[in-house]
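Everything below concerns the one structure shown next.
Please read these numbers as outputs of a predicted model, since none were measured by experiment. Sequence lines set the chain letters: A, B, ... in the order given, protein chains first and strands last, and positions in each chain run from 1.
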Amino acid sequence: MIRLYNTLSKSKEVFEPVRPGKVGIYLCGPTVYKPSHIGHMVGPVIFDTIKRYLVHSGYDVTLVINITDVDDKLIAESQIRKIPMDAVAAEMTADYMRNLEAMGVDGVDYFPKATEHISNIIHFVKALIDKGFAYESQGDVYFDVQKFPEYGKLSHRTLTQMLGEGGATVERKQSSCDFALWKSAKAGEPSWDSPWGKGRPGWHIECSAMSCEILGETFDIHGGGLDLVFPHHENEVAQSECRHGKPMAKYWLHNGLMQASSEVGKLGGRNTRSAEEGDLDSQEAGKISKSKGSSAFHDLLKQFDPELIRFFILSSHYRRPIDYSFERLEQVGTSLEAFYRFFKRYHRITGDHFYSTATPHTRDEGDFDPQGDPLLVQVNDYRNKFFEAMDDDFNTGGAIGFLFDLLRVLNKYADEYDLDGSKNAPEPIVWPLVHGTTVLRELCLTLGLFRHEPEEKPAEKSDEIVHKLMELIIDLRAGARKNKDFATADKIRGTLAEVGITIEDRPGGTEWTRK
RNA sequence: GGCGCCGUAGCCAAACGGCUAAGGCAGCGGAUUGCAAAUCCGCGAUUUCCCGGUUCGAAUCCGGGCGGCGCCUCCA
């Protein structure tokens with residue numbers, strides 16, 4: 001039984017899809033006018049993980065992330081750069097897609113673009129006018145919030161509350177809370193023909209139009225950053241529910257925002273700025289991207305492995321805001337190394353690769369009876385706890401804790417049976433480790449973690465000389481150790497450490513790794 | 001001003017009324033090792049910002065205070 005927190009009801013609800021067995025998820029994506037920053041990755045990583053988990057739980061899931069490729073900010077950017085708006089959009093969309101790929105977000109079924117749905121949008125707006133929920137005003141079309149008594153139900157505020165403050169001039173609008181469905185074009189701006197003249201869609205309407213087109217009038221989960229609850233999602237609700245006379249989405253999920261902590265300046269790797277500008281850096285990550293190139297996500301990827309960032313995002317609950325900093329990411333990197341080391345150990349023991357271990361496709365398929373085996377009893381226990389955590393509003397942070405527990409019992413088992421040393425351990429001894437590791441992989445995959453072996457750095461791959469030399473050095477050192485010449489052996493190890501090469505003497509032989 | 005969120009060990013973080021308050025990083029002991037590294041074992045919150053209340057029982061619920069933060073027309 002999966003429960004999730006619904007912004008609409010401000011409480012956790014039992015998850016029951018609109019259509020049995022099928023789940024439609026719509027996530028508000030970026031406005032593609034600048035390169036993505038880390039904040040843009042949070043939603044996709046979370047909802048990609050949610051999809052993976054729901055699929056593993058047996059659902060047939062469709063995930064949609066929209067691309068806003070027409071918007072005031074895009075127009076402004078195109079004017080500054082003196083290139084067409086669609087060129088800006090294409091460039092930034094490509095950047096976004098590359099980043100998603102790096103993050104392992106590949107469960108997205110549709111990336112609808114606003115400019116590809118203009119006629120749907122126009123139909124939507126027309127329908128709202130016909131039904132009396134919207135009005136045309138000098139080439140613009142506005143939604144009349146007074147016509148929708150439930151306006152404010154998602155963000156939990158009332159219209160009188162909101163109207164209380166604004167007042168002032170509203171120009172073409174009847175009420176200050178009315179919002180634009182269609183905006184008339186000024187000279188030189190990109191535009192499309194419409195019943196109200198040349199113009200472009202407002203921001204909110206695209207999501208109503210595209211989600212309906214792809215997922216239907218009522219779908220299951222609508223997601224987005226906490227900052228979008230009002231006005232964006234509130235307006236989507238108004239538009240869709242007034243047109244269709246039924247709920248737009250059953251569950252509204254909002255993720256906490258990523259914030260840069262004060263040390264973030266170091267992240268750029270070229271922080272020579274003054275202290276006061278450093279303070280500016282402590283603002284929300286997105287705000288930094290508007291002024292500095294260094295917060296672009298593709299730059300962050302030069303310093304940190306994408307898997308590390310994914311792990312970091314998933315290491316706390318999605319509704320919590322997350323602070324990120326250089327130190328924090330490095331810490332996460334340290335904790336991840338234990339997993340990589342275990343994967344290598346597993347390979348040494350079994351000859352099999354963790355990354356190619358076949359796993360059950362669904363939770364039911366993976367259920368097993370430990371049959372009293374002490375290791376598998378523990379493995380099964382952690383597996384169940386992992387699922388319990390995930391069932392409880394996708395508590396990835398809690399779930400990851402059990403991944404570490406699982407790792408510990410597997411290492412302990414390999415220690416106890418001295419599996420590193422004995423090359424040909426009997427099958428009955430190795431088997432529980434193999435099964436336990438399969439479970440570890442199953443759980444990691446539902447989070448989209450450790451799917452592929454991290455790519456070797458290009459330099460490392462091509463550098464045969466280094467490999468040959470290391471072979472020679474390790475051989476010479478082995479000779480020294482045999483002769484109890486530990487001074488020489490330690491000198492070799494110490495000098496290699498200085499250049500970032502770690503030497504580890506194991507029962508099975510000496511291994512080296514380079515940072 | 002309005003609406004809402006958060007405050008758990010040095011740092012990050014789980015826990016949603018009930019067994020010893022997960023787990024990670026850092027630290028300290030120990031096993032192991034020629035010494036290391038890795039791994040394992042153990043230690044670290046007598047208690048969850050403070051005060052009061054409800055309850056047999058509260059980190060969890062209620063009230064007040066202090067501190068941090070978000071949204072209030074276009075930021076994921």
Across the strands shown, which category fits A:Lys344 at heavy-atom distances under 4.0 angstrom: base, sugar-phosphate, nothing?
-> nothing
Would you mind telling me which of B:C75, B:C71, B:C40 lies closest to the side-chain atoms of A:Phe230?
-> B:C71
Say you pick atom C1' in B:A9 and the same atom in B:U48; how far apart are they, in whole Å?
-> 10 Å
Any chance you could measure A:Ile50, atom CD1, to A:Leu63, atom CG, to the nearest 0.5 Å?
-> 9.5 Å
Same-atom distance (P) from B:A26 to B:C40, integer angstrom = 13 Å
Taking A:Asp420 as the fixed residue, which of A:Lys344, A:Arg506, A:Arg348, A:Arg341 is the one that meets the salt bridge (Lys or Arg N to Asp or Glu O under 4.0 Å) rule?
-> A:Arg348
Using atom OH of A:Tyr151 as one end and atom P of B:C72 as the other, report the distance to the nearest whole Å.
-> 12 Å
Pair assignment for B:C35, Watson-Crick or G-U wobble, requiring both distances under 3.5 Å | none
Atom-pair distance (CZ on A:Phe311; P on B:C12), nearest Å | 17 Å
Separation between CZ (A:Arg172) and OH (A:Tyr135), nearest 0.5 Å, reads 11.5 Å
With both distances kept under 3.5 Å, what pairs with B:G18, Watson-Crick or G-U wobble?
-> B:C56
With distance as the sole criterion, is a donor-acceptor pair present between the side chains of A:Asp140 and A:Ser137 under 3.5 Å?
-> no
Could you give the distance separating B:C49 and B:A36 at their C1' atoms, to the nearest angstrom?
-> 43 Å
Taking the six-membered ring for Trp and the single ring otherwise, decide whether the centroids of A:Phe326 and A:Phe304 are under 6.0 Å apart.
-> yes
Quick one: A:Lys412 NZ to B:G23 P, roughly how many Å, whole number?
-> 13 Å
Taking the side chain of A:Asp415 as heavy atoms from C-beta outward, which of B:C40, B:A76, B:C71 is closest to it?
-> B:C40
Between B:A38, B:A14, B:A76, which nucleotide gets closest to the side-chain atoms of A:Glu504?
-> B:A38
Check every strand shown and say whether A:Gly43 touches a base, only sugar-phosphate, or nothing at a heavy-atom separation below 4.0 Å.
-> nothing
Sticking with atom C1', work out how far B:C72 lies from B:A14, rounded to a whole angstrom.
-> 32 Å
Rounded to whole angstrom units, what separation is found between the CZ atom of A:Phe386 and the P atom of B:G23?
-> 17 Å
So which one's nearest nucleotide on RNA chain B is more toward 5', A:Ala338 or A:Leu27?
-> A:Ala338
B:A59 and B:C43: how far apart are their P atoms, nearest whole angstrom?
-> 22 Å
Using a cut-off of 4.0 Å on non-hydrogen atoms, how would the nucleic acid contact of A:Thr158 be classed: base, sugar-phosphate, or nothing?
-> nothing
Out of B:C25, B:A37, B:G24, minimum distance to the side chain of A:Thr334 belongs to B:C25
Do the ring centers of A:His233 and A:His204 come within less than 6.0 Å of each other?
-> no
Same-atom distance (P) from B:A45 to B:C11, integer angstrom | 15 Å
What does A:Gly223 touch in the nucleic acid at a heavy-atom separation under 4.0 angstrom: a base, only the sugar-phosphate, or nothing?
-> nothing
Would you mind pulling out the nucleotide paired to B:U8, Watson-Crick or G-U wobble, both distances under 3.5 Å?
-> none
Would you indicate what A:Asp323 reaches in the nucleic acid, counting non-hydrogen atoms under 4.0 angstrom: base, sugar-phosphate, or nothing?
-> nothing
A:Phe386 ring center near A:Tyr382 ring center (under 6.0 Å) | no
Might you work through the side-chain contact (heavy atoms from CB on, under 4.5 Å) test for A:Leu8 and A:Tyr251, ending with a clear yes or no?
-> CA-CA 7 Å; A:Leu8 207 49; A:Tyr251 307 97; over 6 Å; no
Among A:Thr68, A:Asn66, A:Asp72, find the residue that satisfies the side-chain contact (heavy atoms from CB on, under 4.5 Å) test when tested with A:Thr31.
-> A:Thr68
Watson-Crick or G-U counterpart of B:C71, or none if no pair lies under 3.5 Å = B:G2
How many Å lie between OH on A:Tyr318 and P on B:G70, as a whole number?
-> 21 Å
Rounded to whole Å, the CG-P distance (A:Leu100 to B:A76) equals 13 Å
Nucleotide paired to B:U48 in any strand shown, Watson-Crick or G-U, under 3.5 Å | none
Could you list the protein-to-nucleotides 3-11 of chain B atom pairs, N/O on both sides, closer than 3.5 Å?
unit_1: B:C3; atom_1: O2'; unit_2: A:His156; atom_2: O; d: 3.2

A:Phe339 and A:Phe404 aromatic centres sub-6.0 Å = yes
For the side chain of A:Gln259, starting at C-beta, report the closest nucleotide among B:A37, B:C69, B:G24.
-> B:C69
Rounded to whole angstrom units, what separation is found between the CG atom of A:Asn395 and the P atom of B:A14?
-> 7 Å
Near-ring test A:Phe343/A:Phe354, centroid separation under 6.0 angstrom = yes
Pairwise P distance for B:A76 and B:U54, with rounding to whole Å = 48 Å
Does a donor on one side chain and an acceptor on the other come within less than 3.5 Å for A:Tyr33 and A:Asp69?
-> no
Could you tell me the separation between the CG atom of A:Asp227 and the P atom of B:C72, rounded to a whole number of Å?
-> 8 Å
Which whole number of Å gives the distance between the P atom of B:C12 and that of B:G65?
-> 27 Å
Between A:Arg408 and A:Pro231, who's closer to the 5' end of RNA chain B by nearest nucleotide?
-> A:Arg408
Under 3.5 Å, which protein N or O atoms sit close to an N or O of nucleotides 31-35 of chain B? Give each pair with its distance.
unit_1: B:G34; atom_1: O6; unit_2: A:Arg481; atom_2: NE; d: 3.1
unit_1: B:G34; atom_1: N1; unit_2: A:Asp490; atom_2: OD1; d: 3.0
unit_1: B:G34; atom_1: N2; unit_2: A:Asp490; atom_2: OD1; d: 3.3
unit_1: B:G34; atom_1: N2; unit_2: A:Asp490; atom_2: OD2; d: 2.5
unit_1: B:C35; atom_1: O2; unit_2: A:Arg493; atom_2: NH2; d: 2.3
unit_1: B:C35; atom_1: N3; unit_2: A:Arg493; atom_2: NH1; d: 2.8
unit_1: B:C35; atom_1: N3; unit_2: A:Arg493; atom_2: NH2; d: 3.1
unit_1: B:C35; atom_1: N4; unit_2: A:Asp505; atom_2: OD2; d: 3.3

Base, sugar-phosphate, or nothing: which does A:His254 touch, judged by heavy atoms less than 4.0 Å apart?
-> nothing
